Engineer: 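For reference, the structure I am asking about is given below.
Both backbone and side-chain heavy atoms feed into the values below; hydrogens, waters and symmetry mates do not. Numbered from 1 within each chain, the chains take letters A, B, ... in sequence-line order. The shown structure was predicted, so the numbers you read here are calculated from the model rather than taken from an experiment.
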Protein chains: 2
Amino acid sequence: MADLVYQQVITDLNKRIMADEFANKKLPDERSLSEQYQVSRSSIKRALNVLANQGLIFKKRGSGTFINPLYLKNQSSFKYEGTNLGITDSLNTEGAKPSIQLLDFKVVPASQELQQDLFLTADEFVYEIKRLRLLDDQPFMIESGYIPIKLVPELNRQVVSGSIFNYVQETLNAAVTKSFLSISADSSNDNDQQLLQLKPTEPVGVMSGIFFLDDGTPFEVSNMRLHYQYMKYTTFVSTNS
Amino acid sequence: MADLVYQQVITDLNKRIMADEFANKKLPDERSLSEQYQVSRSSIKRALNVLANQGLIFKKRGSGTFINPLYLKNQSSFKYEGTNLGITDSLNTEGAKPSIQLLDFKVVPASQELQQDLFLTADEFVYEIKRLRLLDDQPFMIESGYIPIKLVPELNRQVVSGSIFNYVQETLNAAVTKSFLSISADSSNDNDQQLLQLKPTEPVGVMSGIFFLDDGTPFEVSNMRLHYQYMKYTTFVSTNS
DNA sequence: TCGTTTAATTGGACCGTTCCAATTAACAAA
DNA sequence: TTTGTTAATTGGAACGGTCCAATTAAACGA
């Protein structure tokens with residue numbers, strides 16, 4: 001994680017910024033940083049671009065590079081800081097203990113939509129995994145996942161009761177690092193209300209998507225219905241990537 | 001938009017991919033592309049990186065660059081394709097005519113939170129702009145925006161009844177290109193139900209954030225409550241940016 | 001003092017190269 | 001044919017350089 005030059009620069013600059021080392025909210029110019037870190041200006045630029053895309057700094061040609069004082073307020077329920085995109089590692093638990101309750105686990109034929117999303121033919125099968133996720137015994141997410149059996153032939157109840165992505169990373173040596181993610185809202189249905197302890201007027205947040213392995217293989221189609229108070233997705237949007 | 005070398009490569013590759021020119025789902029290697037386009041491999045890499053971060057292609061060292069066949073399904077309510085992040089230009093209207101109904105427009109002292117988010121002092125003022133957005137006369141979003149008066153001293157009811165970001169872009173020559181965005185869900189309150197024509201059990205999607213000018217100046221704090229059927233935020237998440 | 005012109009600063013785009021790591025293909029040996 | 005080794009392919013990281021554009025600072029003249 002930290003053997004790359006530009007990654008090291010990122011890490012160090014992050015520290016220095018958080019330590020308020022740049023009191024005037026302005027970073028040294030790129031040529032000076034290049035000198036300081038004894039790396040090429042290209043690597044400095046690469047590091048600064050990453051930070052800029054996170055909203056931590058703003059760059060202004062002719063003027064300089066400035067720290068965004070509002071970066072701190074950026075606290076989401078999801079962090080995406082681990083080595084994969086699994087909920088287990090991405091969730092901002094804030095001290096609460098996460099747990100998983102397995103609701104259902106079986107093998108079913110791939111529906112038409114699943115065939116399309118997971119590159120399967122009509123005669124192939126998928127695991128159907130329904131789980132309830134909790135934080136300190138408070139349920140907050142109903143998760144329905146579909147994974148081709150051919151990708152993980154040896155999935156069992158025990159594995160599925162824990163972090164599937166971490167299991168895959170250890171056994172198959174393939175990380176789940178990318179996904180299409182769609183976020184929406186919906187009224188709670190009877191099942192939601194019962195499992196998530198919601199009143200009929202209280203809604204759920206919906207996060208659904210397709211998760212990919214690093215090589216682009218679609219690994220899982222997932223549908224997550226969250227207690228509305230637990231869904232907060234925060235991001236930094238920039239048009240000039 | 002298209003005078004930059006790597007942008008041109010992006011545009012052209014996009015076309016070729018959409019035209020299904022690469023039937024085997026594999027792009028030429030970077031060195032060949034460099035030759036084809038008569039640009040450096042660095043520029044090719046830059047272009048491919050953008051496409052990879054959009055989820056359009058996957059790159060695999062030693063193997064090649066491959067097209068993601070699932071990219072098409074990626075249709076969001078929001079596109080972020082214009083020159084700024086305004087709703088007016090970002091909304092996927094699908095043929096419906098967008099309109100704005102001005103609910104309230106006044107100048108108020110900046111609250112403590114607004115002072116912090118917009119870099120204001122206690123004696124400064126902000127516009128408070130409440131608007132209802134519609135698509136073909138169907139209301140779908142209640143928008144509450146707060147903009148420092150010092151940034152746009154001449155805002156009036158007519159401007160505020162249209163696209164504020166476009167107005168700013170034309171008059172101040174400053175584009176709104178970046179924002180922190182937070183997405184969540186909430187039960188609908190009386191006001192929501194009345195304005196958005198919702199039943200008590202039907203929820204709203206909430207999108208709130210801070211919008212910045214290109215130079216990093218916080219321009220607007222916005223709170224948007226959407227009819228739940230109109231909120232669909234789709235994105236591509238990748239851990240190795 | 002004020003406004004204008006000129007120079008210095010600073011990030012942006014792009015080039016072309018070197019070395020490397022992961023993967024795949026080719027080849028040779030059993 | 002199968003298996004193990006070697007070579008070629010392909011993307012990744014990093015360097016260091018050129019030229020440019022936006023901005024700011026300095027110098028200058030009225």
Engineer: Please report the distance, rounded to the nearest Å, between CZ in B:R46 and C1' in C:dC15.
Structural biologist: 13 Å

Engineer: Cut-off 3.5 Å, side chains only: do A:N14 and A:T11 have a donor facing an acceptor?
Structural biologist: no

Engineer: Minimum heavy-atom separation for B:D214 to B:T177, with atom names?
Structural biologist: CA-OG1, 3.8 Å

Engineer: Is the shortest side-chain N/O distance from B:S63 to OP1 or OP2 of C:dT23 below 4.0 Å?
Structural biologist: no

Engineer: Side chains of B:K59 and B:N49 only: does a donor on one sit below 3.5 Å from an acceptor on the other?
Structural biologist: yes

Engineer: Whole Å only: how far is the OH atom of B:Y6 from the P atom of C:dG12?
Structural biologist: 10 Å

Engineer: B:D214 has an atom CG; how far is it from atom P of D:dT23, in whole Å?
Structural biologist: 9 Å

Engineer: OP1 or OP2 of D:dT10 versus the side-chain N and O atoms of B:K60: is any pair under 4.0 Å?
Structural biologist: no

Engineer: Could you check which residues of residues 25-38 of chain A get a heavy atom under 4.0 Å from DNA chain C? Sort them by number, please.
Structural biologist: A:D29, A:E30, A:R31

Engineer: Please determine whether a side-chain nitrogen or oxygen atom of B:S42 lies at a distance below 4.0 Å from atom OP1 or OP2 of C:dA13.
Structural biologist: no

Engineer: In whole Å, what is the span from the CG atom of B:N53 to the P atom of D:dG12?
Structural biologist: 11 Å

Engineer: Between A:F165 and A:F211, does a ring-ring contact (aromatic ring centres under 6.0 Å, His included) hold up when you go through it step by step?
Structural biologist: CA-CA 10 Å; A:F165 286 6; A:F211 292 84; 5.4 Å; yes

Engineer: In whole angstrom, what separates A:R41's CZ from D:dC19's C1'?
Structural biologist: 11 Å

Engineer: Between the side chains of A:Y37 and A:D12, does any donor sit under 3.5 Å from an acceptor?
Structural biologist: yes

Engineer: When the distance from CG of A:D215 to P of C:dA21 is rounded to whole Å, what number comes out?
Structural biologist: 21 Å

Engineer: Is any side-chain N of the basic residue among B:E143 and B:R133 closer than 4.0 Å to the acidic one's carboxylate O?
Structural biologist: yes

Engineer: What integer distance in Å separates B:K45:NZ from D:dT10:P?
Structural biologist: 13 Å

Engineer: A:R61 has an atom CZ; how far is it from atom P of C:dT9, in whole Å?
Structural biologist: 18 Å

Engineer: OP1 or OP2 of C:dG12 less than 4.0 angstrom from a side-chain nitrogen or oxygen of A:K59, does that happen here?
Structural biologist: yes

Engineer: For B:S43, which contact category applies under a 4.0 Å heavy-atom criterion: base, sugar-phosphate, or nothing?
Structural biologist: sugar-phosphate

Engineer: Between A:E124 and A:T121, is any side-chain donor less than 3.5 angstrom from a side-chain acceptor?
Structural biologist: yes

